[in-house]
Colleague: 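Just passing along the structure, written as structure tokens.
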There are 2 protein chains.
Amino acid sequence: MDTKPTPTRIQRKNRAAILEAALDVFSAQGFRGATVDEIAAAAGLSKPNLLYYFPSKEAIHDALLEGLLDIWLAPLRALDETGEPLEEILAYVRRKLEMSREMPRESRLFANEIVQGAPRIGAVLSTDLKALVDAKSKVIARWAAEGRIAPVHPYHLIFSIWSLSQHYADFDVQVRAVLGPEDPYDHAPDFLDTLYRRLLTPHIAP
Amino acid sequence: MDTKPTPTRIQRKNRAAILEAALDVFSAQGFRGATVDEIAAAAGLSKPNLLYYFPSKEAIHDALLEGLLDIWLAPLRALDETGEPLEEILAYVRRKLEMSREMPRESRLFANEIVQGAPRIGAVLSTDLKALVDAKSKVIARWAAEGRIAPVHPYHLIFSIWSLSQHYADFDVQVRAVLGPEDPYDHAPDFLDTLYRRLLTPHIAP
DNA sequence: CGTGATCTTGACCAGATGGTCAAAAGATAA
DNA sequence: TTATCTTTTGACCATCTGGTCAAGATCACG
């Protein structure tokens, strides 16, 4: 039952090159817009050679999504219920925005998938993702109930953090078209910090 | 120079049916993912018949985008510099969220286009859209300078409104997967109203 | 009704695309 | 070096897709 024979040196190198190239192409063109030829060329391989490492176009896409989902949700997982509420949430926002800047292709890969109805990861959303958000929402709701942050709908708070941070990656061309030469990330961190401080700082009178 | 002969009754009906069907298909599959056959079937026409009304797949897509851009930007255009600042912005947020609920296909059509680098409307973004946002940002900056709203980066404020409102249309499956049976729009309006009130209400001390 | 314009369609085409295969080329270890 | 295993490739295939065309069906109007 040796289902995982140790990969050879060449296998490791080529598999990595394929996934890297596929991330480029899938994130820029979407699944149907991407072609195996294009991915193969970007990876420096011939098409049949690429298909020697992955059985199909869909298998590459699946491998990418699966490998990246954990990374993508790590910031939310790291939200620590024993920490200081406002700082925990602000740190989460900061990490999420950081990821949009450092990993825009990954963000767009997920965006493409979800905008088109998540045909390939819909199942994971309503199980793993939902479970994670349910758990963290409870933490946030408790913080609010204890008056440690201002009262807020925890699910929509999390949606807003996803939305605002990923906007800078997913709609990058639009943001840059409007801003002109200015770098969006010059002011985005401050803007989001201010926004969530004002939203969540508990006030005195009810 | 009669470039626009009056369309016949059948022409009007079929052109409308094609655009309606194309909106369905393009918004769900993206440009490359959509097929002319699928659009034709959804419009109740044969493929050659569809191509009798529009010269190409791209022409349909262009017609859609052009026809919808004005509608899409109308809420921002309606932002009135002579109105009460906070209420003007809150009304804009409300209208934008309303549009996400009423016109999710349109939202996803634009999302697909922009996520993939806006190959077809990039030009409009850096001219028309930029001009509109520049103008409205000046209004918001003035409001802030006058102390009528709390100080805020106007461009990022507008981005945030786009981002948060369209998130409910573009990432609908994800939002619903996490929320379960609850309707996102049950609480989204209140959440956004609260968020922008707390962000923009001017406070007493500096 | 008749006639010209409009509308519709089946058959077809060329190119793109995902994927296969047998055989060649290259690495590896005795 | 040789024998075996891994990697690479050119040629090929079936299907899908955007688009064409000529001929037939339908409509509008005198």
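Small disclaimer: the values here were computed from a predicted structure and weren't measured. Any value given below was found using the heavy atoms of this structure, including those in side chains, with hydrogens, waters and symmetry copies removed. Chain naming here is simple, since letters A, B, ... match the order of the sequence lines and numbering starts at 1 in each.
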Colleague: With heavy atoms of chain A within less than 4.0 Å as the criterion, where does contact along DNA chain D begin and end?
Modeller: D:dT6 to D:dT17
Colleague: Please list every donor-acceptor pair under 3.5 Å in which a side-chain atom of residues 169-176 of chain B meets a protein atom from a residue at least two apart or in another chain.
Modeller:
residue  : atom : partner  : partner atom : Å
B:Asp170 : OD1  : B:Ser107 : OG           : 2.7
B:Asp172 : OD1  : B:Arg176 : NE           : 2.9
B:Asp172 : OD2  : B:Arg176 : NE           : 3.1

Colleague: Of all residues at least two apart in sequence or in a different chain, which pass the side chain to side chain donor-acceptor pair (under 3.5 Å) check with A:Asn49?
Modeller: none
Colleague: Salt bridge check, A:Asp24 against A:Arg105: does any charged N sit closer than 4.0 Å to a carboxylate O?
Modeller: yes
Colleague: Can you sort out the partners of B:Arg95 under side chain to side chain donor-acceptor pair (under 3.5 Å), two or more places apart, ordered by chain and number?
Modeller: none
Colleague: So, are A:Arg148 and A:Glu84 salt-bridged, with charged N and O less than 4.0 Å apart?
Modeller: no
Colleague: Please report, rounded to the nearest Å, how far the P atom of C:dT8 is from the CG atom of B:Leu50.
Modeller: 11 Å
Colleague: Has B:Asn49 got a side-chain N or O lying under 4.0 Å from the OP1 or OP2 atom of C:dC7?
Modeller: no
Colleague: By the 4.0 Å heavy-atom rule, please label B:Tyr53 as base, sugar-phosphate, or nothing.
Modeller: sugar-phosphate
Colleague: Check nucleotides 23-30 of chain C for protein N or O atoms closer than 3.5 Å to its own N or O atoms and list the pairs.
Modeller:
residue : atom : partner : partner atom : Å
C:dT28  : OP1  : A:Arg9  : NH2          : 3.1

Colleague: Less than 4.0 angstrom between a side-chain N/O of B:Tyr52 and OP1 or OP2 of C:dC7, yes or no?
Modeller: yes
Colleague: Can you name the side-chain contact (heavy atoms from CB on, under 4.5 Å) partners of B:Arg77, sequence neighbours left out?
Modeller: B:Asp70, B:Leu73, B:Leu132
Colleague: Do the charged groups of A:Lys136 and A:Glu81 touch, with an N to O distance under 4.0 Å?
Modeller: no
Colleague: Flag yes if more than 12 heavy atoms outside B:Glu182 fall under 6.0 Å of its CD atom; otherwise flag no.
Modeller: yes
Colleague: Taking only residues two or more places apart in sequence, or in another chain, which ones meet A:Ala74 in a side-chain contact (heavy atoms from CB on, under 4.5 Å)?
Modeller: none
Colleague: Between A:Phe159 and A:His153, does the ring centre distance come in under 6.0 Å?
Modeller: no
Colleague: With sequence neighbours excluded, tell me which residues meet ring-ring contact (aromatic ring centres under 6.0 Å, His included) with B:Tyr53.
Modeller: none
Colleague: Output the residues of residues 57-67 of chain B in contact with DNA chain C, where contact means a heavy atom of the residue under 4.0 Å from an atom of the strand; sort by number or write none.
Modeller: none
Colleague: Near DNA chain C, which residues from residues 19-47 of chain B have a heavy atom under 4.0 Å away?
Modeller: B:Arg32, B:Ser46
Colleague: Taking only residues two or more places apart in sequence, or in another chain, which ones meet A:Val133 in a side-chain contact (heavy atoms from CB on, under 4.5 Å)?
Modeller: A:Leu76, A:Leu129, A:Ser137, A:Tyr155, A:Ile158, A:Trp162, B:Val178
Colleague: According to ring pair (Phe, Tyr, Trp, His ring centres under 6.0 Å), does anything in residues 12-31 of chain B pair up with another residue at least two apart or in another chain? List the pairs.
Modeller: B:Phe26-B:Phe31, B:Phe26-B:His61, B:Phe31-B:His61
